Protein chains: 2
Amino acid sequence: MIPDNTKCSCEQCELKTLFFSHVTLDTLSDICEIKIEKNFSKGNIIVQEGEPIREFMYLKDGLVKLSKMASDGKDQILSFSKPFDFVSLFSVFSSDTYNYSVTAIEDSTTCILDLDNVKRIAQSNAMFAMDLMSRFSTATDFIIQENLDIKRKHLRGRIAHVLLYFSKRIYGCTSFELPISRREIAEYIGMTTENVIRTLSEFRKDKILKIYGKDIAIVDLKRLQNISEHG
Amino acid sequence: MIPDNTKCSCEQCELKTLFFSHVTLDTLSDICEIKIEKNFSKGNIIVQEGEPIREFMYLKDGLVKLSKMASDGKDQILSFSKPFDFVSLFSVFSSDTYNYSVTAIEDSTTCILDLDNVKRIAQSNAMFAMDLMSRFSTATDFIIQENLDIKRKHLRGRIAHVLLYFSKRIYGCTSFELPISRREIAEYIGMTTENVIRTLSEFRKDKILKIYGKDIAIVDLKRLQNISEHG
DNA sequence: AAGTTGTTATGATAATTATCATAATGTAAT
DNA sequence: ATTACATTATGATAATTATCATAACAACTT
């Protein structure tokens, strides 16, 4: 972890309009005065499940995974979040401890606000509260939808789905460096690590992908989409 | 469907304190004046996915399922909701159409408010908005958690899980009438109808359950809990 | 009463996926 | 450089789950 109280200018913050469009400039500067930016290197834990929630946190840069440890000690990955998605999203308004862990899977920067402060603003500024609710609803809806989608697919379809997710939603490119290990893919889509590796190898042999370690290039996009949908 | 503009007294409504504890009595009577109660018999559709959201609806009595049709035409069940959970919960603040269908699986009563009205109140009354957010967050968190839990289990564990869910969370009793068919159980936990039936038969042969059609009695609770957790 | 339809039920078989074993490669620490 | 450890990789086998076939039964229609 690289805690770092870097100064950043809220005037130029691209997240401002998204989160605080219904907050006055005065209120905004109140919030920003006490904000803290923290950097996390790839692999470091940002929040740990079970910890008390004291902060209101969002992701400014990077990529994170949300996960939870099952009673058998195995991790399950819920979803991935990129900037403009919240980090301390879920539990904040319904629990006083984090239900999930958040881990940086790329070097990430979070902006941390005082939770009581944010709650106070939400309580007095209903438009802001509605904005939060709307973003919250969109994010959780996506997770639920994604889980349903993965659930109905076989191994090949699941792997195709994940690759298309990173390609389209995260990187916007058919070539990318996979930010997670094969084991983490398995933890996300509910299959064994061996079968993730095997299926990726199959896709390579079928000339759907080119693979060099974590570097992936989707060669036959149509076929991959077809496998994701019907394979 | 049995639409029915029954008069009900909001003064006595047990949901009032839950939903509207931060709303003035004047506002409350404004809301209640234009409320509509509707009854739905078991099996009837309350809202259909894709339809525009015009109403703010909550479940006053009964039991419903939330489902979505996959691209292959098969239904998937997201979750079940009982009173005190919202019905038109999810999509309301993030979408203008329903993402999921809601169907009565027991005779149910919904109370319907004008959506714009509710939104207006939420925008001007931040405590109310926060209440909504908190309930929303709790409900979605439960769905996500439940899906994770089911995902990591085998068939027997999943069936045990569902039976314990209905026993503990819905009926509060080890004997109950299953409100859904074997096929619907399959749609909820992601397995085939045949295997649901087979697994229930196994539990009967193992003297864990007594089964007469949809009437279920859990005979060996400890064993069922053990199967749910480790089986 | 006969027919249609959907649910529950069970068995045989095929397909899918997990487990176990082994090894090559890569990465970090000493 | 060497050890230690995790990741990637592949094959053989076992376990799990789905598919297909068939049938009993109930609910409902005609």
Side-chain angles (χ1 to χ4, degrees), chain A residues 41-44 65 70 72-77 103 105 150-163 177-206 209-216 227-228 230-231, chain B residues 41-44 65 70 72-77 103 105 150-163 177-206 209-216 227-228 230-231:
Chain A
S41 304
K42 177 168 181 159
N44 286 116
K65 68 172 180 182
D72 59 2
K74 285 180 188 162
D75 266 326
Q76 288 181 286
I77 295 177
T103 309
I105 57 174
I150 287 171
K151 193 158 137 184
R152 53 179 256 271
K153 293 176 183 174
H154 286 173
L155 296 196
R156 285 169 63 90
R158 289 179 186 186
I159 295 289
H161 181 104
V162 170
L163 293 173
E177 189 189 332
L178 209 55
I180 54 174
S181 69
R182 271 63 165 170
R183 181 171 56 74
E184 286 173 306
I185 294 178
E187 287 169 354
Y188 180 51
I189 60 184
M191 49 192 277
T192 57
T193 307
E194 293 97 317
N195 278 330
V196 172
I197 293 169
R198 230 185 294 271
T199 305
L200 285 171
S201 296
E202 276 175 37
F203 286 174
R204 179 172 36 72
K205 283 171 199 158
D206 294 345
L209 301 176
K210 283 185 182 171
I211 305 175
Y212 313 91
K214 288 205 161 50
D215 289 322
I216 304 280
I227 291 170
S228 173
H230 311 103
Chain B
S41 303
K42 176 169 179 154
N44 286 115
K65 68 173 180 182
D72 58 3
K74 284 179 187 162
D75 266 326
Q76 287 181 288
I77 294 177
T103 308
I105 58 174
I150 289 171
K151 193 158 138 185
R152 54 179 256 272
K153 293 176 182 173
H154 287 172
L155 296 197
R156 285 169 65 91
R158 290 180 185 185
I159 295 289
H161 181 104
V162 170
L163 293 173
E177 190 190 331
L178 209 54
I180 54 174
S181 68
R182 272 62 163 168
R183 181 172 55 73
E184 287 173 305
I185 295 179
E187 288 170 355
Y188 180 50
I189 59 184
M191 48 192 277
T192 58
T193 307
E194 292 98 317
N195 279 331
V196 172
I197 293 168
R198 228 185 295 270
T199 306
L200 284 171
S201 296
E202 277 176 35
F203 286 174
R204 181 174 34 73
K205 284 171 198 158
D206 293 345
L209 302 177
K210 284 186 181 170
I211 305 176
Y212 313 92
K214 288 205 160 52
D215 288 322
I216 305 281
I227 292 169
S228 173
H230 311 105

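The structure presented is a predicted model; accordingly, all values stated were derived computationally and were not measured. First the proteins, then the strands, lettered A, B, ... as listed; each starts at 1.
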Discussion item. Return the CZ to CG distance between A:Arg156 and A:Asn195, rounded to the nearest 0.5 Å.
Written reply: 12.0 Å
Response to the item:
Output for pair (A:Leu200 CG, A:Ile216 CD1), nearest 0.5 Å, gives 5.5 Å
Discussion item. For D:dT8 and A:Ser201 - does any side-chain N or O of the residue sit under 4.0 Å from the phosphate oxygens OP1/OP2?
Written reply: no
Worksheet item: Between B:Arg183 (CZ) and C:dT8 (C1'), how many Å, whole number?
Response: 13 Å
Discussion item. Nearest whole Å is fine: how far is D:dT8 C1' from A:Tyr212 OH?
Written reply: 17 Å
Worksheet, complete the sentence: Taken to the nearest whole Å, CG/A:Leu200 to P/D:dT7 is 15 Å
Practice prompt. Answer yes or no: does a side-chain N or O of B:Arg182 lie under 4.0 Å from OP1 or OP2 of C:dT8?
Written response: yes
Worksheet item: Under 3.5 Å, side chain of B:Lys65 to main-chain N/O of B:Tyr188, donor-acceptor pair present?
Response: no
Worksheet item: Think A:Lys214 has a side-chain N or O under 4.0 angstrom from the OP1 or OP2 of D:dT7?
Response: no
Practice prompt. Tell me which nucleotide among D:dT7, C:dT7, C:dA9 gets nearest to the side chain of B:Ile197.
Written response: C:dA9
Practice prompt. Any chance you could list the contact pattern along nucleotides 11-30 of chain C? Use B for base contacts, S for sugar-phosphate-only contacts and - for none, protein heavy atoms under 4.0 Å, 5' to 3'.
Written response: BB----SBBB----------
Practice prompt. Using atom CD1 of B:Ile180 as one end and atom P of C:dG6 as the other, report the distance to the nearest whole Å.
Written response: 19 Å
Worksheet item: Say you draw a straight line from CD1 of A:Ile197 to CZ of A:Arg183; how long is it, rounded to the nearest 0.5 Å?
Response: 11.0 Å
Discussion item. Tell me the interatomic distance from A:Glu202, atom CD, to D:dT8, atom P, rounded to whole angstroms.
Written reply: 17 Å
Discussion item. Applying a 4.0 Å non-hydrogen cut-off, can you work out what A:Thr193 is touching in the nucleic acid: base, sugar-phosphate, or nothing?
Written reply: nothing
Practice prompt. Measure the spacing between CD1 of A:Ile227 and NE2 of A:His161 and express it to the nearest 0.5 Å.
Written response: 14.0 Å
Worksheet item: Under the 3.5 angstrom rule, does the side chain of A:Arg158 hit a backbone N or O of A:Lys151 as a donor-acceptor pair?
Response: yes
